[in-house]
Amino acid sequence: MADTNNAHEKEVKVEDLLRLKRAERPSEAFWNTFDRELHQRMLQTLVKKDPWYVQVLHGISGRIAQTAAVGAAAAFLAIMVVRPAFVNTTAPSSKGAQFTQEAVASAPQVVEVAMSDLEDLDSILTPDYQIEAISGSITDSGYANEYAPDSFEVASYDSEVYVMDAAAFAGTGLAVTFVY
Amino acid sequence: MANSGSVTKSIFPAQEKTLTERDFDWAVVQKVQAGNVGAFDRLVQKYREHIFSVIYNMTSNREDASDLTQETFIKAFQAIARFKGKSSFFTWIYRIAINHTMTFLKKRNRRRFISYEKIDEEVSNSEIFERLTAKNRSEKGALVSELQEKLNDALQKLSPKHRSVVILHEIEGLEHAEIAEITKTSTGTVRSRLHYAKQQLQSYLQDYIA
C-alpha cells in the first residue's frame with residue numbers, strides 16, 4: 001500500500017510540467033533594458049504627434065480658410081456685377097419650355113433673293129450697319145468674280161425668340177448666308 | 001486563491017490581494033490620475049514580470065513578449081484616466097495584456113518564431129527534474145532543453161483561448177473567478193476550457209507523464 005502511494009506521488013502530472021514554465025525568467029539585464037525602453041516609449045506617447053491625416057488637415061485648414069474668404073469675396077463681387085445684366089431678361093423657370101417652343105416656331109425667316117433683285121437694292125439700301133440689310137453693290141471685281149454668289153439669303157431675326165434657359169439675346173441683328 | 005492547494009507558488013496571496021493589494025493599487029492609480037505620472041512606475045515594477053510571463057507563454061517568443069508587455073503598459077497608461085476602479089487594477093491590466101496578445105496572435109497567424117528564456121538553474125535541480133531524469137534515463141541538461149521545447153510546442157498547439165486559461169491558472173496561479181473576470185466569461189466556461197486544455201496537453205506530453 002505504501003509502495004502504491006509512493007508510486008502515485010512520484011507520478012509526473014501535466015500541472016507539474018506546466019509549473020516548470022515559471023522558471024523561464026528573464027535576467028536582470030533584460031529588465032534594465034525593458035525599463036529604459038518602456039520609459040522612452042511612454043515619453044513618446046506623451047509628446048506623440050497627431051496622425052498624418054490630422055497633420056495634413058491642420059496644415060491645409062489655414063489655406064482653406066484664406067481661399068474660402070477670397071473665394072467668397074470673389075463670388076459676392078461676381079454676383080453683384082453680373083446679376084443686374086440678367087435681371088430683366090431672365091425668363092421664369094416655369095415657362096422655360098414654353099419659351100423654347102415659341103423660339104423654335106418663330107425661327108428666323110429665310111428669304112431667297114435672286115442676284116438680279118439685289119442690283120435693285122442699291123437704291124434702297126444705305127451703308128449703315130444699323131439697318132436690316134447689307135448695303136453695297138456687287139461689282140465685277142476679281143474677288144467677286146471668283147466667288148460670285150448666286151444669291152444672298154437674307155434672314156432677319158429678333159432677339160426675343162432666342163431664349164436659352166433664362167437668358168435672352170439682346171438687340172436686333174441681321175443674318176446673312178451666302179449660298180454657293 | 002481557490003487553487004492555492006495545488007499551486008505551490010501563489011503570486012498574490014488571496015486575502016491580501018482582495019483587500020490590501022487592490023486598495024494599494026487603487027491608491028497608486030488615483031495618484032497617476034491626479035497627475036503624478038511617476039507613480040505609474042510602481043505599477044510597472046509590480047506587474048511587469050507577471051504580464052511578461054503571460055505574454056511570453058502565449059507567444060513563445062521573448063522579443064514579441066517584451067514588445068507586447070511594453071505596449072500593454074503603454075495602453076494602460078493611456079487609458080488610466082478612464083479606469084474607475086470597478087475592477088481591481090490587476091484584472092484590468094491582465095485583461096489588456098490578454099486582449100492585446102490575442103489581437104497580435106491573430107495578426108501573426110502562421111508566422112511563428114520561437115525564442116525561449118533560459119530556465120532557472122534551481123528548477124533544473126528540482127525534484128521533478130530528478131524524477132524525469134530517472135524516468136527517461138537521459139542527461140539532465142539535455143532533458144531540460146528538450147522538455148522546454150516540448151512544453152512550449154504543446155502550449156502553442158492549443159487555441160489561444162484555451163492557452164490563456166491554462167497559463168493564467170497553472171502558471172500564474174489565478175483563481176477561476178479571476179480568470180473569468182479577466183476573460184469576461186463565466187467560471188463554468190473557465191473550468192470547461194481548463195479541463196479540455198489539460199486533456200490536450202496530456203496527450204501531447206504523454207512521454208513525460210507517468
Side-chain angles (χ1 to χ4, degrees), chain A residues 1-69 71, chain B residues 6-9 11 37 40-41 44-45 48-49 52-53 56-57 62 65-67 69-71 73-74 77-78 116-124 126-129 131-132 134-135 144 147-148 150-152 154-155 166-167 169-173 197-202 204-205 208-210:
Chain A
M1 187 68 179
D3 290 342
T4 313
N5 285 339
N6 282 341
H8 185 71
E9 280 173 11
K10 285 180 180 177
E11 280 182 2
V12 177
K13 296 177 183 174
V14 173
E15 290 86 347
D16 297 326
L17 295 177
L18 288 170
R19 223 161 287 147
L20 296 173
K21 294 283 294 168
R22 292 178 183 172
E24 293 182 28
R25 291 183 203 150
S27 62
E28 272 303 307
F30 170 87
W31 289 118
N32 291 337
T33 310
F34 177 90
D35 286 341
R36 193 174 59 250
E37 286 177 359
L38 179 61
H39 284 142
Q40 282 180 345
R41 290 175 77 168
M42 285 176 70
L43 284 172
Q44 282 172 356
T45 61
L46 290 173
V47 293
K48 193 179 177 184
K49 287 182 179 177
D50 291 330
W52 65 268
Y53 48 87
V54 176
Q55 289 183 45
V56 169
L57 279 176
H58 282 223
I60 62 174
S61 62
R63 288 175 184 270
I64 286 176
Q66 282 181 343
T67 311
Chain B
S6 62
V7 178
T8 51
K9 183 196 168 192
I11 299 161
V37 178
F40 188 76
D41 200 44
V44 173
Q45 295 297 318
R48 64 181 189 183
E49 289 182 42
F52 176 84
S53 170
Y56 167 71
N57 288 310
R62 68 196 301 273
S66 177
D67 282 345
T69 305
Q70 287 180 8
E71 284 159 18
F73 282 112
I74 289 167
F77 181 67
Q78 287 173 327
Y116 302 132
E117 286 293 346
K118 279 186 179 176
I119 285 193
D120 202 324
E121 287 290 325
E122 289 178 18
V123 172
S124 58
S126 66
E127 187 194 347
I128 192 161
F129 264 105
R131 275 189 269 163
L132 284 168
K135 184 176 176 291
V144 168
L147 184 59
Q148 186 182 19
K150 292 283 181 188
L151 268 171
N152 280 296
L155 276 173
V166 168
I167 291 165
H169 185 71
E170 297 297 340
I171 302 173
E172 287 299 301
K198 279 185 185 176
Q199 277 188 328
Q200 293 292 109
L201 289 172
Q202 207 150 4
Y204 298 145
L205 300 166
Y208 302 92
I209 296 169

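A, B, ... follow the sequence lines: proteins, then strands. Residue 1 opens every chain.
Side-chain atoms of A/Asp35 do not come within 3.5 Å of backbone N or O of A/Asn32 as any donor-acceptor pair. With hydrogens and angles disregarded, no donor-acceptor distance shorter than 3.5 Å links the side chain of B/Ser66 to the backbone of B/Arg62.
Heavy atoms of B/Tyr204 lying under 4.5 Å from chain A are absent altogether. Heavy-atom distances place both the backbone and the side chain of B/Glu49 under 4.5 Å from chain A. Contacts of B/Ile167 with chain A are absent, with no heavy-atom separation under 4.5 Å from either backbone or side chain.
Most heavy-atom pairs under 4.5 Å with chain A, from the set B/Asp41, B/Val37, B/Leu205, B/Val166: that is B/Asp41.
Ring centroid separation for the pair B/Phe52 and A/Phe34 does not come in under the 6.0 Å cut-off.
If you take CG on A/Leu38 and CG on B/Asp67, they are separated by 11.0 Å, rounding to the nearest 0.5 Å.
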